[in-house]
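Inspection log for the structure reproduced underneath, given as structure tokens.
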Amino acid sequence: MECSYCFLGFLFLAAGLPRDAAKRFHEVLSDKKPSAYMRDYNQLNGWSSDENDWNEKLYPVWKRGDSRWKNCWKGGHLQAVLTSDSPALVGSNITFVVNLVFPRCQKEDASGNIVYEKNCRNDTGLSPDPYVYNWTAWTEDGDWGDGTHQGHHNVFPDGKPFPYPPGWKKCNFVYVFHTLGQYFQKLGQSSARVSINTANVTLGPQLMEVAVYRRHHRAFVPIARVKDLYVVTDQIPVFVTMSQKNDRNSSDDTFLRDLPIIFNVLIHDPSHFLNESAIKYKWNFGDNTGLFVSNNHISNHTYVLNGTFSLNLTVQAAVPGPCPSPSPRPPKPTPSLGPADDNSLELSEIPDERCQIYRYGYFKATITIVEGILEVNIVQMTDVLMPVPQPENSLMDFVVTCQGTNPTEVCTIISDPTCQLAQNSVCEPVDVDNNCLLTVRRAFRGTGTYCLNLTLADATSLGLTSTLVSVPVPDPAFPLRVVNGALISVSCLVILVIVVTLMVYRKHKEYKPVDYSPGKVAKGKVLNALFNQAKATFFRGSQEKDPLLKNQQGIV
């Protein structure tokens, strides 16, 4: 009798050995076994429990550090990159993407085969075989079977058969996603994408792990394993960009006084979960101007005082959702009168189907307001006249004014008329008085139309203005006319001096006594005196300076 019990016990033990020896998904894909609470609470639609058995014969399991990993891919080391559009607002979808990065000179062709790129040299030189893995040839040999007579090897690790969608023969990789105690299997090419809904996912950081296998005739070979963290939150992921005209560096949170700052609210919602939600933006700019509420994600505000201010934003979204079940109420007494009133009571207790769930997002920042250059204008353009015109290098002066602080640097960019192709760029320090008035001289190569961008800058701000400059074609007869005009002017002046001198001499000779003969020396003195008197009469302006003339403005 005792032997009979021993034999029955041996049979039960033998029956249990295969199941105990079989690998489970959580043993293959994770280092620790998830709790039953995690598997039961975080129910993902279409995913399976990782308590299921893993077919280790068809999908071998290699531990980390196994030497077989070095030869799992022909021609080098293959890498898998896992990314997601985390963080995700609870209730929205989060998408995971796995991309395979092949060794140098390898790529996937249109048929799903892995081939060597033409004329590409890897570590071993040019490969004589164009294929790394020619899965098309395997399919034609009947290794994969067709859609109706599939082989026993065309199954996932848990034994489920492969799907046969259009183009299934191009899918040569098996991806196994694992998170929250559940797994999802998928055929794919060199990239695979999976999305899950986070309505039942526990808030906080979670881990996604992916194992990738490649086809190897009638079995599969592990080629990569990768993991990545993702975050599920009940707060709306919010980011704000701040920009301002004339601000030199928008990333330092330092802005200018008396100029509007543009605030652009960016909500991270890649699955468009909030598309049907009513969203409000509540601003507190920290300068005692009160609370501003807007339905627009773009707002602007102008600070009129220098200092440091704390900016606060609250984003409120009314998300349409299912209404909660009504709480049970005690039975109401039967009224003695009035059935119409009874109907009205029943209608009022029907819950409104358009219930809403409110979600909030928050943003805080500390910004500094300082003085800066507010405006720059070109008020005058003049050609610089040169004695001999040079068509290849025409000079022009630009009179520039500004408002705000005084600049310390001036920069100009000369480009084509469309202001797209820069031809010359010059920057130089500048010292400007409190009136902020300066003249900038620039050279233009050749005639035509140019775009001039002029920037005045200091440590925190910069002001920009632009204008079109037209450099005319010089008159080739201009130098000859200048020389002729100068000769004619000098000749006329000489003739005038001679005529006046003769007239004075004749007048003096008429009044000279006949018997007076002082000699040649006295006669010479009289002529000199008369000549000096005429010279003083016609050339008075050259012997004194006008004290009212001011010095010319500096040119840079």
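Numbers here are sequence positions counted from 1.
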### Task
Taking atom CG of Asn45 as the centre, report whether more than 12 heavy atoms of other residues, nucleotides or ligands fall under 6.0 Å from it.
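12 or below, so no.
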### Message
Can you tell me if Arg68 has over 12 outside heavy atoms packed within less than 6.0 Å of its CZ?
### Response
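More than 12 within 6.0 Å, yes.
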Going from [atom1] on [X] to [atom2] on [Y], what distance comes out if it is rounded to the nearest 0.5 angstrom?
| X | Y | atom1 | atom2 | value |
| --- | --- | --- | --- | --- |
| Asn295 | Lys280 | CG | NZ | 7.0 Å |
| Ile279 | Ile236 | CD1 | CD1 | 6.5 Å |
| Ser86 | Met208 | OG | CE | 11.0 Å |
| Ile373 | Asn246 | CD1 | CG | 7.5 Å |

For the residue pair [X] and [Y], does the interplanar ring angle fall in the parallel (under 30°), tilted (30 to 60°) or perpendicular (over 60°) class?
| X | Y | value |
| --- | --- | --- |
| Tyr183 | Phe25 | parallel |
| Phe102 | Phe173 | tilted |
| Phe156 | Phe162 | perpendicular |

Is it the case that the side chain of [X] and the backbone of [Y] share a donor-acceptor pair, with hydrogens and angles ignored and the cut-off at 3.5 Å?
| X | Y | result |
| --- | --- | --- |
| Ser195 | Asn93 | no |
| Asp85 | Thr95 | yes |
| Asn197 | Gly91 | yes |
| Glu27 | Arg24 | yes |
| Asn172 | Gly112 | yes |
| Arg248 | Asp458 | yes |
| Asn42 | Thr202 | yes |

### Query
Looking at side-chain heavy atoms only, is the closest gap between Leu464 and Leu454 below 4.5 Å?
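No, too far: nothing below the 4.5 Å cut-off.
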#### Entry: Validation row: Leu311, Asn284 side chains within 4.5 angstrom (heavy atoms)
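Side-chain contact under 4.5 Å: no.
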Which atom pairs, donor and acceptor, lie under 3.5 Å between side-chain atoms of residues 70-80 and protein residues at least two apart or in another chain?
{"from": "Trp73", "atom 1": "NE1", "to": "Gln106", "atom 2": "OE1", "distance (Å)": "2.8"}
{"from": "Lys74", "atom 1": "NZ", "to": "Val132", "atom 2": "O", "distance (Å)": "3.0"}

#### Entry: Ser294 versus Asn296, side-chain donor and acceptor atoms under 3.5 Å
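On atom types as modelled, these side chains do not qualify, holding no pair under 3.5 Å.
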### Query
Would Tyr281 and Phe263 satisfy ring pair (Phe, Tyr, Trp, His ring centres under 6.0 Å), going step by step from the backbone distance to the final call?
CA-CA 11 Å; Tyr281 305 88; Phe263 301 91; over 10 Å; no
### Message
Among residues at least two apart in sequence or on other chains, which ones pass side-chain contact (heavy atoms from CB on, under 4.5 Å) with Tyr360?
### Response
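Partners of Tyr360 by the side-chain contact (heavy atoms from CB on, under 4.5 Å) criterion, ordered by chain and then number, come out as Thr314, Gln316, Tyr358, Tyr362.
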### Task
Start with the C-alpha distance between His301 and Phe285, add both sets of side-chain angles, then the distance that settles ring pair (Phe, Tyr, Trp, His ring centres under 6.0 Å), and finish with yes or no.
CA-CA 8 Å; His301 184 73; Phe285 295 103; 4.1 Å; yes
### Query
Is it true that Lys23 and Glu56 make a salt bridge, defined as a side-chain N closer than 4.0 Å to a carboxylate O?
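Salt bridge: no.
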### Query
Taking 4.0 angstrom as the limit, do Arg257 and Glu371 come out as a salt bridge?
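Looking at Arg257 and Glu371, the cut-off is met.
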### Message
Before we go on, tell me: are the rings of Tyr303 and Phe309 under 6.0 Å apart, centre to centre?
### Response
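Here the rings of Phe309 and Tyr303 have centres that are less than 6.0 Å from each other.
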### Task
May I have the step-by-step check of side-chain contact (heavy atoms from CB on, under 4.5 Å) for Val265 and Phe363, ending in yes or no?
CA-CA 9 Å; Val265 183; Phe363 177 82; over 6 Å; no
